[in-house]
Amino acid sequence: MKIGILLGDDIGHEVVPECVKVMKAAAARTGLAIEWQPLPIGRHGHEQHGNTLPAVTETALRKLDGWIMGPIGHAAYPRNDPTWVMPAVRKKFELFAAARPSRSFPNVASIHKDVDIVFVRELTEGMLYSETVVAGAPEFRPNDDITVAMRVITRKGASRVAREAFEIARTRKRKKVTAAHKEPVYRLACGMFAEECRKVARGYPDVAFEEAMIDTISMKLVMAPQQYDVVVTTNQFGDILSDIGAGLVGGLGLAPGLCVGERQAMAQATHGSAPDIAGSNIANPYAMIMSSQMLMGWLGRKHADAQATAAADKMLAAVEQVVTQGRHVTRDLGGTASTQEMGDAIAAAVQ
Ligand code: ATP
């Protein structure tokens, strides 16, 4: 496997090395050979090559199977300079789905117990931006009193995100996909999304399928989230639902993520670069480590590679053990461990 290491900014320099450490421990146990490629991005990319996404990084990424992307501290970048922007990696590499788990642990304060959901959010269309709009954005203002926003749904976009959700569900115990939409109101847009989900569902008879209205599921997630396993939805609905998911189980430090394309995937935690705590070795590496665990699992599925799948299972077991024991966890989880101590404990727990 060829995997890139992109540290990102601020706490990225602390949490990314911990997840590489845990991946290396798991790969060593299963005999999986990984070729690592460190690449500049963000502030370092700009310092070294004059751009937050240097050409050298973009070219190298095209040859990789996947990469780990640290958080980007874009909020502190100089304004009005196109070389100082959030690197458009998702768009350039057509990463079309974001998988975001929401998982509770008995010893970590959370609103509900026994939550274990993966939200799968479409990333390339909807109201936010669309590959189908060749110039401009799907929003415009014909005069100062009116703004028109369009929502673009395509069969291709809906179908591929649904497929990813079913593939993920297949690897889980409960094997259930819930498609969240509001077809009775948004008949054509949500209608097309729902139709494509139903078509994909027919190819996965081993996975249960249900549909839920976006407003109803928002309420049920807050009241009884245990009934959900994998929830798939469109871009903007997914943006909101996955943050509800993070809130259900203890916040951003516990919110990993994987951005998925046809051929490549990117491990990227939901949290930002947390400049307020950068450099103090207290950032929680959980989200970054679990993001790389998801990357490992995805690589195992994509390449039918049993060693990668086994490595992902080992990473998951190690993280569960350390977080559940609660002895080597960072202060946001109620412990006293440093970022590095928590990473060391998880790497040591890989069996
Ligand atoms: P962005 O706009 O880049 O997504 P954000 O506005 O979501 O960033 P973060 O950088 O994620 O902001 O930080 C929000 C708060 O959460 C800060 O107080 C930060 O210290 C805390 N935080 C974020 N990530 C972690 C982490 N891994 N461990 C501990 N605390 C964290």
Side-chain angles (χ1 to χ4, degrees), residues 6-22 41-46 52-53 68-79 84-91 95 98 100-105 107-110 119 121 123 128-129 235-236 238-259 266-295 315 319 322-323 326 328-346:
L6 291 84
L7 293 177
D9 299 325
D10 303 316
I11 62 164
H13 292 259
E14 295 156 63
V15 292
V16 172
E18 298 313 310
C19 85
V20 174
K21 190 189 284 175
V22 175
I41 193 98
R43 196 168 280 282
H44 273 189
H46 206 282
T52 50
L53 177 53
I68 302 156
M69 172 74 115
I72 301 292
H74 60 99
Y77 288 173
R79 306 264 165 212
W84 274 112
V85 289
M86 183 78 171
V89 177
R90 289 179 186 174
K91 190 161 190 171
L95 303 177
R100 293 191 175 159
S102 164
R103 169 112 204 259
S104 62
F105 287 93
N107 57 323
V108 177
S110 66
F119 294 94
R121 167 189 171 195
L123 280 182
L128 301 180
Y129 76 90
N235 199 344
Q236 200 165 34
D239 190 26
I240 299 166
L241 285 194
S242 52
D243 266 31
I244 294 179
L248 282 177
V249 297
L252 281 179
L254 286 175
L258 184 73
C259 295
M266 168 171 86
Q268 187 178 34
T270 304
H271 63 71
S273 69
D276 53 332
I277 57 167
S280 34
N281 201 14
I282 58 167
N284 181 359
Y286 171 93
M288 206 62 246
I289 294 172
M290 280 303 291
S291 302
S292 66
Q293 187 274 339
M294 294 172 73
L295 173 62
M315 290 175 73
V319 170
V322 169
V323 176
H328 303 285
V329 295
T330 46
R331 61 178 73 173
D332 58 307
L333 297 182
T336 56
S338 67
T339 308
Q340 219 171 349
E341 283 163 354
M342 184 162 166
D344 285 342
I346 295 173

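Keep in mind that what you see is a predicted model, and the values were worked out from it rather than measured. Counting starts at 1 for both ligands and their atoms, in listed order.
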ask   = What orientation do W84 and H46 show, parallel under 30°, tilted 30 to 60°, or perpendicular over 60°?
value = parallel

For ligand 1, the residues whose heavy atoms come within less than 4.0 Å (ordered by chain, then number) =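 Heavy-atom contacts below 4.0 Å: I11, H74, L252, H271, G272, S273, A274, D276, I277, A283, N284.
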
If I take atom [atom1] from residue [X] and atom [atom2] from residue [Y], how far apart are they, to the nearest 0.5 angstrom?
X: H44; Y: I41; atom1: NE2; atom2: CD1; answer: 12.5 Å
X: R100; Y: M294; atom1: CZ; atom2: CE; answer: 10.0 Å
X: I72; Y: Q268; atom1: CD1; atom2: CD; answer: 7.5 Å
X: L254; Y: N284; atom1: CG; atom2: CG; answer: 6.0 Å

query = Going by distance alone, is a donor N or O of one side chain under 3.5 Å from an acceptor N or O of the other, for D9 and Y77?
reply = yes

